[in-house]
S.K.: 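Quick one: this structure, given as structure tokens, is what I'll be asking you about.
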Amino acid sequence: MPAEYDSSSIEAKWQKKWEEAKAFEVDLNKSKDPYYCLVMFPYPSGAKLHVGHWYMYSVPDSYSRFMKMQGKDVFHPMGFDAFGLPAENYAIKTGVHPNESIKENVDVMIEQFKRMGCMYDWSKSLNTSDPAYYRWTQWLFLKMFENDLAYKKEGDVNYCPGCKTVLANEQVWDGKCERCDSLVEQKPLTQWYWKTTKYSQRLLDGLEKIDWPEKTKMMQMNWIGKKQGINISYDIEESDDKIVCFTTRPDTNFGATFVVIAPEHEFAQKVAKDNKDVASYIEAAINKTELERQEEGRKKTGAFTGFYAINQLTKKKMPIWVSDFVLGGFGTGAVVGVPGHDVRDFEFAQEFDLEVIRVVVASDGDTSEITSIEQVQEAEGTMINSDFLDGMDIHEATQKIMDHMAEKGWGERITTYRLRDWTVSRQRYWGSLIPIVYDPDGKPHPVPEEHLPWLLPTDVEFKPTGTSPIAQSKELKERVEKIFGKGWTPEVDTMDTFVCSSFYQFRFLAEGNQKELVPKDIDKKWMPVDMYIGGPEHACMHLIYARFVTMALKDFGFVANAEPFQKLFHQGLITNKGAKMSKSKGNAVSPDDFVNKYGSDAFRLYMMFMGPFSEGGDWNDTGIKGVCRFAQKVYKIIVQNKKCEQSKELTTALNIAIKKATEDIERLHFNTAISALMEFMNVCDKQGGIDAESAKTFTKLLAPLAPHLAEELWESLGEKGFVINQKWPTYDPKLIKTDTITIAVQVNGKVRGEFEASVDISEADAITQAKELQNVAKFIEGDIKKEIYVKGKLVSLVV
RNA sequence: GCCGGAGUGGCGGAAUUGGUAGACGCGCACGACUCAAAAUCGUGUACCGCAAGGUGUGAGGGUUCGAUUCCCUCCUCCGGCACCA
């Protein structure tokens, strides 16, 4: 055995041995106790893996190794999300076809992952740009089409001028493109949509059954945005039309004094025909860009239509106004103005001098007229000036009035959602082609399954122009005419890459099977994913799409579970001076120097030791020496065989370490698990070495965290096979207990002393001994009012 | 504005149900080894104070014998939603 810990030769040696022995290949059929641990797969960009990647992938690998030692048949696959902009942009820049660059990048990344020492089963890897994979992306589209969940519609869509393609609602963050930060524009275009809205309620209900961070569930709930309210129908004086207003606060309807409709509203359009003021207001409002609208702030503008709606409750005439603060796309595009209890309505009323009525008593009992915005902001209280609702709490009143209006036929209870249908078409080359063809009349037809994979043509300049570059392909046109007949044309858009990643969890299990998406028995056995790990930025994108697609697939009868990911964990983000690491920003820190110098194991240990996995943090390498010293110390004590006799101290320390490491890794708190192992090593150091049995147990504890080093230790201890195949140690609770304990003594809540006592000391003895302590006696002159003994911990005296 | 999460030494962070705040590690200081440096090992290290002691977990209150932990008010940071009716 070499005297010094030489990480690079040890790591190369064990990576080779694992590979030769196919140590991490899983037989999906034979596994008895399946555990599917999945980490969100990466884009195979040309850049080398940075520190952020190591964090994201090496830590879940340690968790998977831990579960494997727990006796689970762990499936921990890795694949590549290869379609999409990073690969395509790289191709545009270099002129190399994405197909080739992707292949190269994937090979390089696999080598890097191997150097990390991950237990991926490479025999089951996948790549979304592979025809064997995207055949299923297209198959999914066909199933959505067959089941009426895919449709084509003209309407305003989000268009990113940077990426030159349409985006889904989820991909617009703060008005900007999630990928490239360009300001997103609204454009009227005909696009393919998937009906996510049909699943709004089920997407909400499903959240109750899955073990996800509350934060993420909350984000999805916000995104889906369920609202319950009532559509109140108002008659219009001197008109046969009606205006329907959506509100969640019908309790305040006795305070309604006007109605406001959106510029896009049908009635507004009608009025505009003979009313010049309204017409010009509408034109100006509709032509406003999002930016102009934002600059305007909350200042209210509007135009009076000259018409009045009748409030059935009060028989009051309410003027109907047009204003752009009412959104055409939300609710019914019309609101009833209750200026006393809604901030926007109040602002509007002030601007145009409309009547304000108080219908809720303020918390301080104030029932005076409402004249300031502060009075409006209060939301809770008791009803007033509201006829039969007077004296009721607003919540009770809400129910009462809804019943009343429904009974009279004035209104209809309604539930609305914020969630929109998913725009799946993209005007980009590098994606999965939508498997649709158009007949000579322009009617869409699905490409029959037998023609899948519907191959991406290669005779295309893939530079984006705003329309799909695939339209240039002669080959595709000819292919369509040959199969379907003269005058038939292909759909030339590709699918959002989030479609590719919405079902990959099933394809890992299919092992390339081209007959079914996933074999039924395998699906039943392995799904849902037991542990899914990835960043929180996907909360309202990938994680909603994957849930929606899985629910649809269950409805179609292809899979057994409606939820894809039973447990979800978000790793923290590793930043560099506060900014997310990325190649494009040029702030990615390479782990190579550290790995060369200290080894993959030490680097992995450091990633975990920095803090809880959920927290991430700003990159700083100052602490890496500490874990490196630890690895060296372990090597020195175990490999160089500093033997010593088994002792009570060692056994106790080891059992404490087992307990702590087990509990901490279970909740992915690797930092404290490692510190527990360090503490044990410090005890060994003091004892002058370690006994053979403890060394074996310790090596097992180290195995998930520093996999290569642990194998080397295992071998040096004369053991056969891989330590990673060993069973995780258990501790003996009896051995954790020591004979004596330290009891602290408090006087008036302040610690004044401590004493050693036997574990089974009685309460009376403990208190007596506590009082006898020199330093304590000093503080307890006079009457003792209270004596408290917390078993095995402390004595508290009050004087 | 609304909904989440978080604020602890010089730094990363510990403290699962209220029970000795600061584990573990970095850094720093001193010492040993060395001609010297690195590496390694040892000792110390929240703050104020010579000490006795006092003060300390974003700020201020409260409950309790005892609060980083529970309750109230406020501040700051991060994430999400937002003229959404």
Side-chain angles (χ1 to χ4, degrees), chain A residues 173-174 213-223 225 227 229-230 245-250 252 260 262 293-294 296-300 323-327 329-338 342-345 347-348 377 379 416-418 536-537 539-540 570 573 578 605-606 609-612 614-615 617-618 620-630 632-633 636 660 663-664 666-667 669 671-682 685 742-754 775 778 784-799:
Chain A
W173 291 9
D174 205 16
E214 283 307 314
K215 177 183 152 189
T216 311
K217 290 190 189 180
M218 205 60 81
M219 278 166 76
Q220 291 209 349
M221 281 162 75
N222 272 341
W223 188 259
K227 285 227 164 76
I230 187 163
C245 296
F246 173 71
T247 179
T248 55
R249 293 290 309 276
T252 59
V260 191
R293 213 172 272 245
Q294 273 170 23
E296 225 168 55
R298 297 183 62 94
K299 172 120 176 89
K300 299 290 178 290
S323 174
D324 63 3
F325 87 84
V326 176
L327 309 173
F330 185 82
T332 58
V335 299
V336 52
V338 183
D342 181 282
V343 173
R344 287 166 321 226
D345 294 352
E347 286 165 348
F348 193 78
Q377 278 159 354
T416 64
Y417 298 89
R418 212 188 70 95
E537 68 274 16
C540 293
H570 292 309
L573 187 66
L605 281 171
Y606 182 56
F609 190 60
M610 281 192 313
S614 54
E615 297 305 309
D618 206 49
N620 188 330
D621 60 19
T622 52
I624 196 164
K625 269 190 185 164
V627 289
C628 193
R629 283 178 191 148
F630 168 66
Q632 262 151 2
K633 187 189 270 182
K636 221 187 262 172
K660 194 99 181 54
E663 290 170 358
D664 289 346
E666 267 166 7
R667 52 187 189 128
H669 282 215
N671 54 332
T672 45
I674 292 170
S675 85
L677 299 193
M678 285 174 166
E679 280 176 88
F680 174 68
M681 268 298 127
N682 291 344
D685 225 4
T742 308
I743 291 180
V745 184
Q746 292 182 345
V747 180
N748 285 349
K750 291 207 166 72
V751 179
R752 297 298 181 184
E754 57 180 41
N775 199 44
K778 211 160 68 177
I784 292 178
K785 285 190 192 141
K786 210 167 182 181
E787 295 168 345
I788 295 153
Y789 173 62
V790 180
K791 196 170 183 302
K793 291 221 166 107
L794 63 77
V795 173
S796 184
L797 305 169
V798 187
V799 296

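All chains are named by letter (A, B, ...) in the order of the sequence lines, taking the proteins before the strands, and each is independently numbered beginning at 1.
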S.K.: Suppose you measure atom C1' in B:U20 against the same atom in B:G10; what distance do you get, rounded to whole Å?
M.R.: 25 Å
S.K.: Considering only atom C1', compute the distance from B:C2 to B:G53 and round it to an integer number of Å.
M.R.: 49 Å
S.K.: Under 4.0 Å between any heavy atoms, over every strand shown, what does A:Ser796 touch: base, sugar-phosphate, or nothing? Just pick one.
M.R.: base
S.K.: Which heavy-atom pair separates A:Val338 from A:Asp345 by the least distance, and what is that distance?
M.R.: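 That closest heavy-atom pairing would be N-OD2, 2.8 Å.
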S.K.: Per the atom types in the model, does the base of B:C65 pair as donor or acceptor with the side chain of A:Lys785 at under 3.5 Å?
M.R.: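 No, no donor-acceptor pair under 3.5 Å.
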S.K.: Choosing from B:C83, B:G19, B:A85, which nucleotide comes nearest the side chain of A:Asp324?
M.R.: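 Selected nucleotide: B:C83.
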S.K.: Could you please name the partner base of B:G9, counting Watson-Crick and G-U wobble pairs only when both distances are under 3.5 Å?
M.R.: none
S.K.: So how far is it from A:Lys625 NZ to A:Gln632 CD, rounded to the nearest 0.5 Å?
M.R.: 11.5 Å
S.K.: Going through the distances and angles, do A:Val798 and A:Asn748 end up as a side chain to side chain contact (heavy atoms under 4.5 Å, CB included)?
M.R.: CA-CA 5 Å; A:Val798 187; A:Asn748 285 349; 3.6 Å; yes
S.K.: Considering just the side-chain nitrogens and oxygens of A:Asn682, establish if one lies under 4.0 Å of OP1 or OP2 belonging to B:G25.
M.R.: yes
S.K.: Rounding to an integer number of angstrom, what distance separates B:A52 and B:U57 when you compare their C1' atoms?
M.R.: 26 Å
S.K.: Both A:Gly753 and A:Gly626 contact RNA chain B. Which one's nearest nucleotide lies toward the 5' end?
M.R.: A:Gly753
S.K.: For the side chain of A:Lys793, starting at C-beta, report the closest nucleotide among B:U20, B:G19, B:G80.
M.R.: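 Nucleotide nearest to A:Lys793's side chain: B:G19.
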S.K.: If you draw the axis of the six-membered ring of A:Phe325, does the NZ or CZ of A:Lys300 fall within 45° of it and under 6.0 Å from the ring centre?
M.R.: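 Geometry flag: set, cation within 6.0 Å and 45°.
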S.K.: For A:Ile624 and B:A39, what is the distance between atoms CD1 and C1' respectively, to the nearest whole Å?
M.R.: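 Computing the A:Ile624:CD1 to B:A39:C1' distance gives 17 Å.
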S.K.: Using whole Å, report how far CE of A:Met678 lies from P of B:G25.
M.R.: 6 Å
S.K.: Between B:A23, B:G4, B:G19, spot the one nearest the side chain of A:Gln746, thanks.
M.R.: B:G19
S.K.: Apply side chain to side chain contact (heavy atoms under 4.5 Å, CB included) to residues A:Tyr606 and A:Met610 and explain how you reach the verdict.
M.R.: CA-CA 6 Å; A:Tyr606 182 56; A:Met610 281 192 313; 3.8 Å; yes
S.K.: Take the protein atom CD of A:Glu347 and the nucleotide atom P of B:G1, then report the distance between them rounded to whole Å.
M.R.: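 In whole Å, B:G1 P and A:Glu347 CD are 14 Å from each other.
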S.K.: Output the distance between atom CG (A:Asp342) and atom CZ (A:Arg249), rounded to the nearest 0.5 Å.
M.R.: 9.0 Å
S.K.: Mind telling me if B:G79 is syn or anti? Syn here is a glycosidic angle within 90° of 0.
M.R.: anti
S.K.: Which residue, A:Trp173 or A:Val336, contacts RNA chain B at a nucleotide closer to its 5' end, judged by nearest heavy atom?
M.R.: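 Closer to the 5' end of RNA chain B: A:Trp173.
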S.K.: Hey, is the side chain of A:Arg629 poking within less than 4.0 Å of OP1 or OP2 on B:C41, counting only N and O atoms?
M.R.: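 Looking at the OP1 and OP2 atoms of B:C41, neither is under 4.0 Å from any side-chain N or O of A:Arg629.
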S.K.: Between B:G22 and B:G9, how many Å separate the two P atoms, rounded to a whole number?
M.R.: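 My reading of the P atoms in B:G22 and B:G9 gives 14 Å.
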S.K.: For B:G18 versus B:U68, give the span between their C1' atoms, rounded off to a whole number of Å.
M.R.: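 Straight-line distance between the two C1' atoms is 11 Å.
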S.K.: Would A:Val335 and A:Thr247 count as a side chain to side chain contact (heavy atoms under 4.5 Å, CB included) here? Give the steps.
M.R.: CA-CA 7 Å; A:Val335 299; A:Thr247 179; over 6 Å; no
S.K.: Once you apply the 3.5 Å cut-off to both distances, tell me the Watson-Crick or G-U wobble partner of B:U40, or none.
M.R.: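 With both distances under 3.5 Å, B:U40 matches B:A32.
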S.K.: Rounded to whole Å, please give me the gap between CG in A:Leu794 and C1' in B:U64.
M.R.: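 Value for this atom pair: 14 Å.
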S.K.: Return the pairing partner of B:G4 with a 3.5 Å limit on both distances, Watson-Crick or G-U wobble; otherwise return none.
M.R.: B:C78
S.K.: Nearest 0.5 Å, what's the OG1-CG distance between A:Thr742 and A:Leu794?
M.R.: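 Here the rounded value is 12.0 Å.
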S.K.: By the 4.0 Å heavy-atom rule, please label A:Thr742 as base, sugar-phosphate, or nothing.
M.R.: base
S.K.: Take atom NZ of A:Lys636 and atom P of B:A39, then tell me their distance rounded to the nearest Å.
M.R.: 13 Å
S.K.: What interatomic distance, in whole Å, is found between C1' of B:C26 and the corresponding atom of B:C77?
M.R.: 25 Å
S.K.: For B:A59, which nucleotide is its Watson-Crick or G-U wobble mate, given both distances must be under 3.5 Å?
M.R.: B:U73
S.K.: Verify the contact: side-chain N or O of A:Lys786 to OP1 or OP2 of B:C65, cut-off strictly under 4.0 Å; return yes or no.
M.R.: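 For B:C65, OP1 or OP2 has a side-chain N or O of A:Lys786 closer than 4.0 Å.
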S.K.: Taking pairing as Watson-Crick or G-U wobble with both contacts under 3.5 Å, can you name the mate of B:A51, or confirm there isn't one?
M.R.: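 Check on B:A51: unpaired, no WC or wobble geometry under 3.5 Å.
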S.K.: When the distance from CG of A:Asp342 to P of B:C83 is rounded to whole Å, what number comes out?
M.R.: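 Distance, rounded to whole Å: 13 Å.
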S.K.: Using Watson-Crick or G-U wobble geometry with both distances below 3.5 Å, tell me the partner of B:G66, or none.
M.R.: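 The answer is none; no pair meets the criterion.
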S.K.: I'd like to know if the side chain of A:Glu347 reaches the main chain of A:Lys299, judged simply by a donor and an acceptor atom lying under 3.5 Å from each other, with no hydrogens or angles considered.
M.R.: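 Side chain of A:Glu347 to backbone of A:Lys299: no pair is present.
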S.K.: If you apply the rule side chain to side chain contact (heavy atoms under 4.5 Å, CB included), what do you find for A:His570 with A:Thr216, and how did you get there?
M.R.: CA-CA 9 Å; A:His570 292 309; A:Thr216 311; 2.6 Å; yes
S.K.: Considering every strand and a 4.0 Å limit on heavy-atom distances, what is the contact class for A:Val798: base, sugar-phosphate, or nothing?
M.R.: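 Counting heavy atoms under 4.0 Å across all strands, the contact made by A:Val798 is with sugar-phosphate only.
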S.K.: C1' atom, B:U55 versus B:C3: distance in rounded Å?
M.R.: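 Nearest-Å result for B:U55 against B:C3 at atom C1': 38 Å.
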S.K.: State whether A:Lys625 places a side-chain N or O below 4.0 Å from either non-bridging phosphate oxygen (OP1 or OP2) of B:A39.
M.R.: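 A:Lys625 to B:A39 OP1/OP2: side-chain N or O found under 4.0 Å.
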S.K.: Below 3.5 Å is the cut-off: list the nitrogen or oxygen pairs between protein and nucleotides 53-56 of chain B, distance only.
M.R.:
unit_1 : atom_1 : unit_2   : atom_2 : d
B:G53  : OP1    : A:Lys778 : NZ     : 3.1
B:G54  : OP1    : A:Arg752 : NH2    : 3.1
B:G54  : OP2    : A:Arg752 : NH1    : 3.0

S.K.: Is the closest side-chain heavy-atom distance between A:Lys227 and A:Thr416 below 4.5 Å?
M.R.: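 They are in side-chain contact.
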S.K.: Any base atoms under 4.0 Å from A:Glu679, or only sugar-phosphate, or nothing? Heavy atoms, all strands.
M.R.: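 Since only primed, P, OP1 and OP2 atoms lie under 4.0 Å of A:Glu679, the category is sugar-phosphate.
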S.K.: Roughly how many Å is it from NZ in A:Lys227 to P in B:C83, rounded to a whole number?
M.R.: 10 Å
S.K.: Would you tabulate the nitrogen or oxygen pairs shorter than 3.5 Å linking the protein to nucleotides 10-15 of chain B?
M.R.:
unit_1 : atom_1 : unit_2   : atom_2 : d
B:G12  : O2'    : A:Met610 : O      : 2.4
B:G13  : O3'    : A:Asn671 : ND2    : 3.4
B:A14  : OP1    : A:Asn671 : ND2    : 3.1
B:A15  : OP1    : A:Arg667 : NH2    : 3.3

S.K.: Quickly work out the A:Asp685 CG to B:U43 P distance and round it to whole Å.
M.R.: 10 Å
S.K.: Please pick, from B:A85, B:U20, B:G19, the nucleotide with the shortest atom-to-atom distance to any side-chain atom of A:Val326.
M.R.: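 Nearest to the side-chain atoms of A:Val326, counting from C-beta on, is B:A85.
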S.K.: Atom CE of A:Met221 and atom CZ of A:Arg418: how far apart are they, to the nearest 0.5 Å?
M.R.: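 Taking CE in A:Met221 and CZ in A:Arg418, the distance rounds to 13.5 Å.
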S.K.: Rounded to the nearest 0.5 Å, how far does CG of A:Leu327 lie from OG1 of A:Thr332?
M.R.: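 A:Thr332 atom OG1 to A:Leu327 atom CG measures 11.0 Å (nearest 0.5 Å).
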S.K.: Classify A:Glu663 by what it touches in the nucleic acid, base, sugar-phosphate, or nothing, heavy-atom distance under 4.0 Å.
M.R.: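 The residue A:Glu663 makes base contact.
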S.K.: If you measure from the P atom in B:A21 to the same atom in B:G56, how many Å do you get, rounded?
M.R.: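 The answer is 13 Å between these two P atoms.
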